[in-house]
Amino acid sequence: MQISMTVNGKDITEEAEPRVLLVHFIRDVLRLTGSHRGCDTSNCGTCVVLMDGQSVKSCTVLAAMADGHSITTVEGLASGATLDPVQQGFMEEHGLQCGFCTPGMMLTARALLDNNPHPDEGEIREAISGQMCRCTGYATIVRSVQWAAQHPATQEETAGEEVTA
Amino acid sequence: MSIIEERAANPAAGDDDRPIGYGRIQRKEDPRFVRGKGHYVDDIVLPGMLHGAILRSPVAHARIVSIDTSAALAHPGVVAVITGQDLLGLKLAWAPTLSADVQAVLATDKVRFQGQEVAFVVAEDRYAARDALELIEVDYDVLRPVIDVRKALDPDAPVIRDDIEGRTDNHIFDWEAGDAAETDAVFASADVVVSQEMVYPRVHPAPMETCGAVADYEPIEGALTLYETSQAPHAHRTLFAIVSGIPEHKIRVVSPDIGGGFGNKVGIHPGYILAVVGSIVTGRPAGEVDGGPVREPDVHLVRPRLHHAG
């Protein structure tokens, strides 16, 4: 079947079987490999992307269900050369080691901050509670999200930048 | 290149002899990783690459009576279905382990743990490969399992490792260290002796990235390039040379970014070898990304004793 969606601001239309998972569509068809696959069973959260601004596990969404929707992957977080504050925060506060869970963690953080610009630690921990990280022990991830909350992007930094899929 | 950012001037250190750890060093991987530009094994795509899927045993202990792969082979997109019997013909059914034992790449005569690799499908895409797993018919003659390590040495316990010649029980290794007589003397003179059975539960490191491999065997040169989730690529190259007969200098093992390992990616999982077999058999690059094997729990019997010096 033909599937159309907006991915990182770009309209795309591709052919895929109705049963194809969104994570496979993003990785194998669109070749955006920043979204990872760690379990296939909705446990690990390495596949989290934003669908219309809300974080979803893309291994638990059919590509067909995303038809007509807007998807943001880790490749769409930065505006050109300017990193999203969440990306900068993960680098500043050592919120990653192996980097495998990082894209999903950062997108969940982005969705959280969009809805709640000043979350407390409990709210951050609740937001990432559906995702696993084996390297950091989570403390530095929490600090990374706090860093991003304290350093919001200014309009001048994000407006008008070309976003590429 | 690392970017060093000074936190504060250190008057004690000159420009040329700053102690290690002074200042702040940005990790060189981070700029790629936060942009989704990591390069993990599952991200690798080679021209003409096929996808693999492993059929695993649903039971802990069973004799394999027969395996019918005809329906799986007839499934659209399936290129090859490999069983333990095929591997016996290629002399690839068994592989050495890092602990001087052997492990089955695919079960030949019987399965010895739940989740053991039984058959390997190679197909044009990952969905076709998974579909074909369900079309493989395995006739298992189910045997009594050993599910409690404390009962493994009972006289009537079924022998699991009967692949080892002369094995009549489940006593699989001996380990000894220190001076037994001296230790016994210390315990004999202790004021207090405490005996305790300590159960060491099943432990399996579970990094976020599962194990996987992409093998690219080039038949004219007889050269193998293997991309795998490996913490020990050099040891793997040696073992692959031993198992496959390909000279070590014609094997190149590439460990790209690793999504966590914690020791789990030191050993060689059968799936790595199956990716190589898949590439050799089909003449095309073949990949396999799957979880590692399931291990039985370990129980350690220890006798910690208190020695009262007073």
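The sequence lines fix the lettering, A, B, ..., with proteins before strands; numbering per chain opens at 1.
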Give, as side chain, backbone, both or neither, the part of L107(A) having an atom under 4.5 angstrom from any heavy atom of chain B. neither
M106(A), part contacting chain B, at a heavy-atom distance under 4.5 Å: side chain
Do R19(A) and D131(B) sit within salt-bridge range, that is, some charged N less than 4.0 Å from a carboxylate O? yes
Atom pair CE/OG1 of M208(B) and T102(A) - distance to nearest 0.5 Å: 10.5 Å
Give the minimum heavy-atom separation between Y40(B) and F100(A), together with the two atoms involved. OH-N, 3.5 Å
Distance from R37(A) atom CZ to E209(B) atom CD, nearest 0.5 Å? 10.5 Å
Smallest heavy-atom separation, I258(B) atom then C98(A) atom, equals O-CB, 3.4 Å
Side chain, backbone, both or neither: which part of Y127(B) has an atom under 4.5 Å from a heavy atom of chain A? both
Can you measure from CG (D28(A)) to CG (D42(B)) and round to the nearest 0.5 angstrom? 7.5 Å
Within this structure, what is the CD-CG distance for the pair E29(B) and L96(A), rounded to the nearest 0.5 Å? 8.5 Å
When heavy-atom pairs shorter than 4.5 Å are enumerated against chain B, which of Q88(A), M132(A), H24(A), M105(A) gives the highest number? H24(A)
What is the distance from atom CD of Q26(B) to atom NE2 of H94(A), rounded to the nearest 0.5 Å? 12.0 Å
Atom pair CZ/SG of F33(B) and C101(A) - distance to nearest 0.5 Å: 11.0 Å
Charged N to carboxylate O under 4.0 angstrom, D43(B) versus R31(A)? no
Is a donor on one side and an acceptor on the other found under 3.5 Å between the side chain of R27(B) and the backbone of Q97(A)? yes
